[in-house]
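As structure tokens, the structure follows; a few thoughts come after it.
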Amino acid sequence: AFLLVLLGSGNLLSQTILLDPGHGGKDDGAKAFQTFVNKTGRLEKKTHFEKDLVLDLSKRIGEKLKEKNYRVFMTRSFDRTVSLEKRAAIAERVNADLFISIHANASYYKTSGGFETYYLNNKSNRAIKKVEEVENKGLEGEDSVVNQILIDLVVNRTVESSKALASSIHAKLKGFLGSSLKMKDRGIKPGLFFVLALSKRPGVLLEMGFMSNPKELRKISSTAFQERYSEAVVAGIEKYFSK
């Protein structure tokens with residue numbers, strides 16, 4: 001049984017968007033610590049989990065899409081474990097027009113930073129292998145050869161639409177984040193992501209910023225960032241559909 005969360009009823013003829021907050025439940029995703037001085041002057045340490053940051057951001061995006069009369073579903077609306085296959089099955093069940101998977105990045109280098117947007121393609125390169133490995137974890141016993149065949153078939157059908165969606169969203173992110181929040185634009189990149197392939201529809205995987213960068217962690221965990229980012233994503237989706 002699937003727990004489907006409909007954020008907005010909207011018009012029955014409106015487009016359906018499935019938001020996919022990455023990780024959840026026993027899968028924390030990236031983890032980072034933030035040290036700060038509290039009101040009493042004492043030093044405190046707070047632990048941030050990717051699964052929580054992306055859930056908050058997804059809810060914010062969902063509410064804004066709802067205001068635009070889109071039909072909006074989420075693969076999870078609270079902290080629970082959802083396999084990649086189940087996320088894709090939900091996309092099929094709700095007959096989603098778009099699949100938006102939301103994540104936060106991490107690196108061994110604390111100076112790494114910026115936002116990037118991925119779309120499904122089998123033309124990836126070594127530079128993004130780490131991101132692919134991290135985001136493809138949790139597949140339930142599927143044969144990698146079968147997955148590769150599936151990816152090739154899905155890419156042929158969705159690559160142009162997914163690339164167009166990535167371009168629309170990323171252009172808005174660049175305008176909203178690059179100028180006002182001074183975040184590095186890491187670009188639009190192709191990648192082999194099972195959650196996008198299994199969903200079998202146009203989709204993107206968004207990496208909002210680097211939790212491993214202390215300055216950027218403060219930024220991406222702030223309300224100001226979440227507001228700007230969610231506004232940009234919604235504006236990008238609107239731009240995509242207008243085309």
(message) Would you compute the distance between atom CZ of R186 and atom CZ of F115 and round it to the nearest 0.5 angstrom?
(response) 10.5 Å
(message) Within a 6.0 Å radius of atom NZ on K239, are there more than 12 heavy atoms belonging to other residues, nucleotides or ligands?
(response) yes
(message) Membership question, hydrophobic clusters at under 4.5 Å side-chain separation (ILVMFWY): are V233 and L65 in the same one?
(response) yes
(message) Closer than 3.5 angstrom, by distance alone: can the side chain of R71 be matched with the main-chain N or O of S14 as a donor-acceptor pair?
(response) no
(request) Would you name the heavy atoms of P21 and R76 that are closest together and state the gap between them? (result) O-NE, 3.2 Å
(request) Tell me whether L57 is reachable from L181 by hopping between hydrophobic residues (I, L, V, M, F, W, Y) whose side-chain heavy atoms are closer than 4.5 Å. (result) yes
(request) Would you check if the side chain of S162 reaches a backbone N or O of G203 as a donor-acceptor pair within less than 3.5 Å? (result) yes
(request) Enter the distance from N122:CG to L192:CG here, rounded to the nearest 0.5 Å. (result) 6.5 Å
(request) Could you list all the side chain to side chain donor-acceptor pair (under 3.5 Å) pairs where at least one residue sits in residues 194-215, not counting sequence neighbours? (result) E92-R201
(request) Answer yes or no: is there a side-chain heavy-atom contact under 4.5 Å between Y119 and L165? (result) no
(request) Test V155 against every option in V159, D152, T158 by the side-chain contact (heavy atoms from CB on, under 4.5 Å) rule and name the one that passes. (result) V159
(message) Ignoring hydrogens, what is the shortest heavy-atom contact between D20 and S101? Give both atom names and the distance.
(response) OD2-OG, 2.6 Å
(message) For A96 versus L18, what's the shortest heavy-atom pair and its separation?
(response) CB-CB, 3.9 Å
(request) Answer yes or no: is there an ion pair linking K130 with E133, defined by an N-O contact shorter than 4.0 Å? (result) no
(request) Provide the closest heavy-atom pair for M211 versus A32 in the form atom of the first, atom of the second, distance. (result) O-CB, 3.3 Å
(message) Could you check whether any side-chain N or O of N136 sits under 3.5 Å from a backbone N or O of F194, counting only pairs where one atom can act as donor and the other as acceptor?
(response) yes
(message) Could you measure the distance from the OH atom of Y70 to the CG atom of L98? Nearest 0.5 Å is fine.
(response) 8.5 Å
(request) Give, for atom OH of Y229 and atom CG of L206, the distance between the pair rounded to the nearest 0.5 Å. (result) 4.0 Å
(message) Ring of F176, cation from K172 - is the NZ or CZ under 6.0 Å from the centre and inside 45° of the axis?
(response) no
(request) List the steps, then state whether side chain to side chain contact (heavy atoms under 4.5 Å, CB included) holds for N121 with K163. (result) CA-CA 9 Å; N121 203 338; K163 192 173 182 180; over 6 Å; no
(message) According to a hydrophobic-cluster definition based on side-chain heavy atoms being under 4.5 Å apart (Ile, Leu, Val, Met, Phe, Trp, Tyr only), do V134 and I128 belong together?
(response) no
(message) Determine whether a donor-acceptor pair (N or O, by modelled atom type, separation under 3.5 Å) exists between the side chain of K51 and the backbone of G25.
(response) yes
(request) Nearest 0.5 Å please: distance from the NE2 atom of H48 over to the CZ atom of R218. (result) 10.0 Å
(request) Could you tell me how the ring of H103 sits relative to the ring of H23: parallel (under 30°), tilted (30 to 60°) or perpendicular (over 60°)? (result) perpendicular
(request) Work out which heavy atom in L120 is nearest to a heavy atom in A197; give both atom names and the distance. (result) CD2-CA, 3.6 Å
(message) Quick test of your reading of the model: are R60 and E227 salt-bridged, counting only N-O distances below 4.0 Å?
(response) yes
(message) Could you measure the distance from the CD1 atom of I220 to the CE atom of M208? Nearest 0.5 Å is fine.
(response) 5.5 Å
(message) Does the Lys NZ or Arg CZ of K219 fall within the cation-pi geometry relative to F225 - under 6.0 Å from the ring centre and within 45° of the axis?
(response) no
(request) Only counting residues at least two apart or in another chain, list the ones meeting side-chain hydrogen bond (donor to acceptor under 3.5 Å, both in side chains) with E160. (result) none
(request) Kindly say whether K26 contributes a backbone atom to a donor-acceptor pair with the side chain of T81 at under 3.5 angstrom? (result) yes
(request) From the options L196, L198, I17, select the one residue that forms a side-chain contact (heavy atoms from CB on, under 4.5 Å) with F99. (result) L196
(message) Suppose we screen for side-chain hydrogen bond (donor to acceptor under 3.5 Å, both in side chains). Which residues come up paired with Y118, at least two apart in sequence or across chains?
(response) E116
(message) On a heavy-atom basis, which atom in Q226 and which in L53 lie closest, and how many Å separate them?
(response) NE2-O, 3.6 Å
(request) Among V54, D28, D79, find the one that has a side-chain contact (heavy atoms from CB on, under 4.5 Å) with F49. (result) D28
(message) Would the distance check show the side chain of T117 and the main-chain N or O of A166 forming a donor-acceptor pair, the cut-off being under 3.5 Å?
(response) no
